[in-house]
There are 2 protein chains.
Amino acid sequence: MSAAVAHEPLTRSVEDYLKAIYQLSPEGRPASTSEIANLLALSPPSVTGMVKRLSEHGLLEHVPYRGVQLTDAGRRAALRMVRRHRLIEAYLVEFLGYSWDTVHEEAERLEHAVSETMIERMAGALGNPSVDPHGDPIPAADGSILERACIALSDVPIGENVEISRVHESQPERLRYIASLGLRPGVQVTVVDRQPFDDLVTIEVGTDKQVIGRELGHALLCARKVKP
Amino acid sequence: MSAAVAHEPLTRSVEDYLKAIYQLSPEGRPASTSEIANLLALSPPSVTGMVKRLSEHGLLEHVPYRGVQLTDAGRRAALRMVRRHRLIEAYLVEFLGYSWDTVHEEAERLEHAVSETMIERMAGALGNPSVDPHGDPIPAADGSILERACIALSDVPIGENVEISRVHESQPERLRYIASLGLRPGVQVTVVDRQPFDDLVTIEVGTDKQVIGRELGHALLCARKVKP
DNA sequence: CCGAGATTTTAGGTTAGCCTAATACTGTAT
DNA sequence: ATACAGTATTAGGCTAACCTAAAATCTCGG
Ligand SMILES: [Mn+2]
Ligand SMILES: [Mn+2]
Ligand SMILES: [Mn+2]
Ligand SMILES: [Mn+2]
């Protein structure tokens, strides 16, 4: 099926495309040209052009006007980049004094420049962590990834107590705001009220109450407590 | 004098050219096209083309058929890259278990990808070192560099005891060989014999005797003892 | 089932960086 | 003084990655 097998090293652009497509469709649903263009801040024609090249290299399949899906080779390469990105973020926070709002930008560049050796040394220094500073799971070196079941804070029923497990946000300003509310992976919150419009939920964090809007409520992914 | 002032970020290629030219002529003597081509493993016409662009950007001055010299802006940019390269090498050895023969390749890529913030964090974690794992001086953040006076091992007179201060070599295989002889920055050696041909010198390292040839003798830079 | 509006692709163009082959220059050796 | 060897530049071409403008296709409401 896949055309080219011998893999010359991928370019920075190619690596970012594959990672973006993976993140747009972790389960394999096709990603559209404009979604990709939007995520990477490129024009749609640029994406069409790159997609054509990538499909010739066997990294994805493209049905014109319908979207793209990663092949196995493409998904492997994408997961490799996700591993790199998240390990770098974790390393920067643990060893170089970064906070979670500044690591993304740095990792976005370093993920392409670091050798396999260095990534594994960093993983070792961290004790092979399973999640990054935003709570996102770090794929193993073999490409396996453990996605824990989670629910958006916006969808948590009234009265339920949940633990924030992931924060899906990369803009520094927003991340600082979230931190200022005391919200980060591992924190317990209880939903005490919900509005019938705009996905507004009121939560209790420790002793504080906060009203959370739609966007933020969808960015905060929570783990439900197991029924005893 | 220099044309363009506003500095868009330099590309990886440009940064490597500037660093190479600096290393070919630290004191400002012109570097030739073919020296640059040779050091960067590029064709001479490629170098001529890049040199033209760089001189238009005010980073160097090119006298056709005569060679190139960095401008102040070019030298600043070059020293910035040298600082990055050497700090990264030092960091990898200190914190990620690298040995001196493997750091160069990694640093050659990372030097372009790391932010100013990260470089200074690494410098801080290292305690602002003044030399890298090969004994080469690390320029300060302001671009100043302290070159200690040194003499090639090939040129040390018979009977003199010197300290190896720098090892000018980047090939891993050769560096491993040098290390296997017990030679590295800080080690004391005594020249016990010299041949009249081929710059051969015999040295004493601890209790061992070694014969050192021309190439190696020029790569090992030594500090002479101050007369008491 | 038909057309408007949104999405996507095609067409055509740019820039950075590289290459080889051909040409021009320089300095030296007869 | 001149030719030759070595070095450098010019000429011409390529690929990756981007762009804008124009054309094609899809979707959905009426
Ligand atoms: Mn990236
Ligand atoms: Mn993250
Ligand atoms: Mn480099
Ligand atoms: Mn070094």
Side-chain angles (χ1 to χ4, degrees), chain A residues 3-4 6-21 24-25 29-69 74 77-78 81 108-109 111-113, chain B residues 3-4 6-21 24-25 29-70 74 77 81 108-109 111-113:
Chain A
H7 45 110
E8 319 112 56
L10 306 176
T11 66
R12 177 180 172 163
S13 279
V14 167
E15 289 175 339
D16 280 337
Y17 271 92
L18 294 174
K19 189 157 60 83
I21 294 165
L24 285 170
S25 61
R29 175 198 41 105
S32 78
T33 302
S34 54
E35 281 171 336
I36 302 167
N38 191 50
L39 188 56
L40 295 175
L42 298 172
S43 73
S46 299
V47 173
T48 302
M50 177 63 94
V51 153
K52 188 170 297 181
R53 261 172 286 160
L54 295 184
S55 75
E56 279 156 14
H57 285 264
L59 292 164
L60 51 78
E61 278 172 51
H62 179 215
V63 182
Y65 293 100
R66 279 288 125 83
V68 303
Q69 274 178 277
M81 296 314 294
E108 199 54 57
R109 276 173 289 106
E111 62 189 359
H112 312 286
Chain B
H7 46 109
E8 320 113 56
L10 305 177
T11 66
R12 179 182 169 159
S13 280
V14 167
E15 289 175 340
D16 280 337
Y17 271 92
L18 294 174
K19 189 157 59 84
I21 294 165
L24 285 170
S25 61
R29 179 206 30 116
S32 77
T33 303
S34 53
E35 281 171 335
I36 302 167
N38 191 50
L39 188 56
L40 294 175
L42 298 172
S43 73
S46 299
V47 173
T48 303
M50 177 63 94
V51 153
K52 188 170 296 181
R53 260 172 287 159
L54 295 184
S55 75
E56 279 157 15
H57 285 265
L59 292 164
L60 51 76
E61 277 172 49
H62 179 216
V63 183
Y65 294 100
R66 281 287 125 83
V68 303
Q69 276 179 277
L70 295 177
M81 295 315 295
E108 199 55 57
R109 278 173 288 107
E111 62 190 0
H112 312 286

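A note on names: the letters A, B, ... follow the listed sequences, proteins ahead of strands, and every chain is numbered from 1.
- Ile21(B) and Ala31(B) get closest at one heavy-atom pair: CG2-CB, 4.4 Å.
- The side chain to side chain donor-acceptor pair (under 3.5 Å) test applied to Ser34(A) returns Ser32(A), not counting sequence neighbours.
- Side-chain contact between Ser55(B) and Glu61(B): absent, with no pair of heavy atoms (C-beta onward) separated by less than 4.5 Å.
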Quiz item: Can Leu54(A) and Val51(A) be said to form a side-chain contact (heavy atoms from CB on, under 4.5 Å), step by step?
Solution: CA-CA 5 Å; Leu54(A) 295 184; Val51(A) 153; 5.5 Å; no
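- Counting only heavy atoms from C-beta outward, the side chains of Leu59(B) and Leu70(B) never approach each other to under 4.5 Å.
- In this model, the phosphate group of dC18(C) is not approached by any side-chain N or O of Ser43(B) to a distance below 4.0 Å at OP1 or OP2.
- Remark: Glu15(A) engages Leu10(A), Arg80(A), Met81(A), His112(A) in a side-chain contact (heavy atoms from CB on, under 4.5 Å) (not counting sequence neighbours).
- In this structure, Leu54(B) places its CG atom 13 Å from P of dT9(D), rounding to the nearest Å.
- The side-chain heavy atoms of Pro30(B) and Arg66(B), taken from C-beta on, include no pair separated by under 4.5 Å.
- Looking at Glu108(A) and Lys19(A), a side-chain N of the basic residue comes within less than 4.0 Å of a carboxylate O on the acidic one, giving a salt bridge.
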Can you list, pair by pair, the side-chain donor-acceptor contacts under 3.5 Å of residues 39-48 of chain A, counting residues two or more places apart and other chains?
from, atom 1, to, atom 2, distance (Å)
Ser43(A), OG, Ser46(A), N, 3.4
Ser43(A), OG, Ser46(A), OG, 2.9
Thr48(A), OG1, Pro44(A), O, 3.3

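- In this structure, Glu56(A) places its CD atom 13 Å from P of dA17(D), rounding to the nearest Å.
- The distance from atom CE of Met50(B) to atom C1' of dT9(D) is 17 Å, rounded to the nearest whole Å.
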Would you tabulate the pairs of protein nitrogen or oxygen atoms and nucleotide nitrogen or oxygen atoms of nucleotides 11-14 of chain C closer than 3.5 angstrom?
none

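- Among residues at least two apart or in separate chains, salt bridge (Lys or Arg N to Asp or Glu O under 4.0 Å) pairs with a member in residues 31-50 of chain B are Arg29(B)-Glu35(B).
- You'll find that the side chain of Thr48(B) is closest to dT9(D), out of dT9(D), dA8(D), dA16(D).
- Residues from residues 9-19 of chain A lying near DNA chain D, meaning a heavy-atom separation below 4.0 Å, are Thr11(A), Ser13(A), Tyr17(A) in numerical order.
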Start with the C-alpha gap between Val68(B) and Val63(B), add the side-chain angles, then the distance that decides, and say whether side-chain contact (heavy atoms from CB on, under 4.5 Å) holds. CA-CA 6 Å; Val68(B) 303; Val63(B) 183; over 6 Å; no
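- Residues passing the salt bridge (Lys or Arg N to Asp or Glu O under 4.0 Å) test with Arg12(B) are Asp16(B), sequence neighbours excluded.
- Using a 4.5 Å heavy-atom threshold, the side chains of His57(A) and Glu8(A) count as touching.
- In terms of phosphate contacts, Ser32(A) brings no side-chain nitrogen or oxygen within less than 4.0 Å of OP1 or OP2 of dT7(C).
- Non-hydrogen atoms lying under 4.0 Å from DNA chain C are contributed by Thr33(A), Ser34(A), all within residues 33-41 of chain A.
- Within the 4.5 Å cutoff, no side-chain heavy atoms of Ile36(B) are placed close to those of Thr33(B).
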Grab the N/O contacts between the protein and nucleotides 26-28 of chain D below 3.5 Å, and write none if there aren't any.
from, atom 1, to, atom 2, distance (Å)
dC26(D), O3', Arg66(A), NH2, 3.1
dT27(D), OP1, Arg66(A), NH2, 2.7
dT27(D), OP2, Arg66(A), NH2, 3.0

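- Counting only residues at least two apart or on different chains, no salt bridge (Lys or Arg N to Asp or Glu O under 4.0 Å) pair has a member in residues 42-53 of chain B.
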Using the 3.5 Å cut-off, write out each protein N or O paired with an N or O of nucleotides 1-5 of chain C and the distance between them.
none

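- When the side-chain nitrogen and oxygen atoms of Lys52(B) are compared with OP1 and OP2 of dT9(D), none of them lie within a distance under 4.0 Å.
- Residue Arg53(A) places at least one side-chain N or O closer than 4.0 Å to OP1 or OP2 of dA17(D).
- Side-chain N/O atoms of His62(A) include none lying less than 4.0 angstrom from OP1 or OP2 on dT8(C).
- The structure places CD of Gln69(A) at 12.5 Å from CG of Leu24(A), a figure rounded to the nearest 0.5 Å.
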